[in-house]
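Each remark here refers to the structure printed beneath this line.
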Amino acid sequence: MSIPVEIRWLEPLYAPLPLPVEVAARVQKALGRADGPLLLMGDMPWLLDLIVDGLQLPIRHLDKRSKDVVSVVAAQENACRYCYGINRAVLRIQGWDEARIRQIEQAVDLADDPQLAAVIAFARALSRSNPRPAGPERARLLGVGFTPVQVAELAFVASVNAIHNRVMTFLAAKPEEAIEAAATSRWGVFARPLLRMMMTPRPGRDYSQEERWTGPYAPLIGLLDGTPGAHVVSHTLRAAFEQGVLSRQTKLLTFAVVARSLGCEACTDEASVALVNEGMSKAEVDRAIATLECSQLPQNEQGVLRWVRGTVRYVPDEIQASTRRLDADLGRAGTLDAIGTAALANGMVRLAMLGV
Amino acid sequence: MTYVVVMLLAAVVALGALLGRNSARLSRTERNLDGAQERLRGLELSFRRFAPPEVVEAVAELGIHATTNRREVTVLFADLKGFTALSETLDPSELVDLLNGWLAAMDGAIAAHHGRVSKFMGDGVLALFGAMHTNPWQARDAVNAALAMRDALTRYNAAHGHLPLAMGVGIHRGEVVAGVMGSERLREFTVIGDVVNTAARVESLTRRFGVDILVTGAVNTALDGSFDVEEMPAAEVKGKADSLVTWAVRGRCAPGPG
């Protein structure tokens with residue numbers, strides 16, 4: 001066991017399936033690997049892209065240390081066994097010793113490093129979102145020397161991790177014990193420089209106006225102006241709403257339910273307006289959000305909203321069991337689409353704290 | 001000369017042995033500390049099932065007094081009817097089995113609907129919805145839990161040969177003070193406020209009206225017409241200046257359009 005706590009975790013939701021050759025080549029080029037949990041989601045291309053983009057996690061203004069710390073704290077808070085093991089391993093590979101990692105996890109003895117303490121507090125608060133952090137938390141980060149654009153990237157990193165942690169948890173991705181072991185073993189010292197090189201953040205693409213997503217949640221893109229995260233969010237929202245097998249109403253209601261659960265009125269309204277534009281009446285939308293039932297959705301998607309509600313705060317093995325029940329209604333493609341949409345909604349509503 | 005060299009060598013060897021032993025002891029102590037830290041962390045995570053993580057951390061760092069806040073919760077109060085009479089006819093061990101079986105069934109129904117049992121009080125149960133996390137569906141959850149409790153009790157009665165048990169459930173919603181409370185010897189995460197007392201009073205009205213589930217207006221307005229409810233006459237209750245209007249919950253309505 002390479003993580004300090006036991007997280008109850010079921011066997012993977014699906015058997016791995018080989019990726020199509022051209023997809024595997026693209027993923028291999030981007031990440032240096034095309035295996036592990038990626039093989040669980042190859043038949044839902046937008047979800048695979050979401051994970052690949054997120055693993056690259058492009059940042060331009062934020063320091064790498066803060067990015068790595070946010071990732072491990074988010075995985076710990078979201079109790080993602082897969083991500084927690086990987087992100088801990090990343091810190092070890094970057095040269096952090098076990099004692100310092102424990103300090104981060106327990107948020108103790110950090111008086112000598114107020115920036116680190118502020119980053120940990122922010123990552124915890126945004127991951128929990130009980131309630132969602134807002135002005136005071138942002139002010140604390142600015143107070144210890146982060147610039148507004150760095151704060152935006154911190155929120156972006158925490159939000160992307162909220163997405164990743166959920167996808168890996170709902171799929172019950174098998175922990176990467178070989179990487180975890182390489183990070184701590186004596187022999188792993190030879191592999192660490194290579195792993196470090198693979199983990200160097202990519203600068204990411206600049207956001208271009210031509211690619212601008214103008215559909216639901218487009219205002220979130222503006223919160224990341226000047227960062228490569230804007231492109232990732234734009235690209236991902238477009239893919240999520242234009243691809244997949246679930247109805248657009250189910251996807252929009254997924255966003256609305258997550259937004260209501262996290263107390264984001266602006267995000268709830270954004271979904272409501274989009275649903276009205278799709279042809280639902282405002283009263284129908286309000287009722288669906290209030291009751292988690294909507295007879296206008298396709299029969300096999302009727303249970304999605306009740307499952308979505310459980311994706312905001314959960315116990316890993318319980319949400320994994322509930323995802324298996326969802327699979328009975330939706331099948332593999334539908335479940336992967338639902339997992340990606342719910343995870344994305346959780347990330348986007350957290351990101352929206354930048355606009356509060 | 002030889003003697004001095006031998007003595008020096010002996011001293012070096014003794015010092016080396018001492019250092020080695022201390023180093024081993026230090027390593028052992030570090031391992032024990034790590035183990036203790038891991039167990040504490042595990043304990044902290046376990047406690048998150050009983051109180052919000054923020055509360056657990058605040059208790060660990062600041063003590064219990066820094067951990068109260070105000071929040072909107074829905075309180076469900078359930079009580080067995082006729083339990084006192086039953087307790088006079090049953091053997092004590094049978095009575096305990098009966099009660100434990102009922103409490104377990106109720107706990108399962110409450111947990112399945114995002115609630116948490118705050119207290120078992122003899123033959124009563126106090127459950128909270130929205131105390132751990134903000135929950136915009138808390139009123140519906142509480143009513144769904146009450147309906148599941150009704151079904152669970154029916155199954156429980158069918159499976160056991162004793163006199164059929166009956167229960168009353170009162171549900172109310174409002175702002176409470178939530179936090180870790182108690183004495184040095186016994187502390188718990190719970191809520192206090194008029195909402196709790198009112199839920200108990202509403203439960204007592206179930207006997208007067210001959211129904212099993214009653215909710216207040218604060219709960220009923222949050223149900224969006226998706227439950228079959230019947231308004232009861234206004235009733236005076238102990239400790240309340242104004243009479244209370246309650247609604248009896250019959251069941252769920254069939255899903256409407258949209």
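Numbered from 1 within each chain, the chains take letters A, B, ... in sequence-line order. Quick caveat, the model's predicted, so the values are computed rather than measured.
- Only the side chain of A:R313 comes within contact range of chain B, judged by heavy atoms closer than 4.5 Å.
- Checking side-chain atoms of A:N130 against main-chain N and O of B:M132 turns up a donor-acceptor pair under 3.5 Å.
- A heavy-atom distance below 4.5 Å is not found between the side chains of B:H133 and A:S261.
- Within 6.0 Å of CG in B:D242 there are 12 or fewer heavy atoms belonging to other residues, nucleotides or ligands.
- Within a 6.0 Å sphere centred on CZ of A:R100, heavy atoms belonging to other residues, nucleotides or ligands number more than 12.
- Comparing B:D141, B:L223, B:N135 by heavy-atom pairs within less than 4.5 Å of chain A, the highest count is held by B:D141.
- Atom CD of A:E293 is separated from atom CZ of B:R140 by 6.0 Å, given to the nearest 0.5 angstrom.
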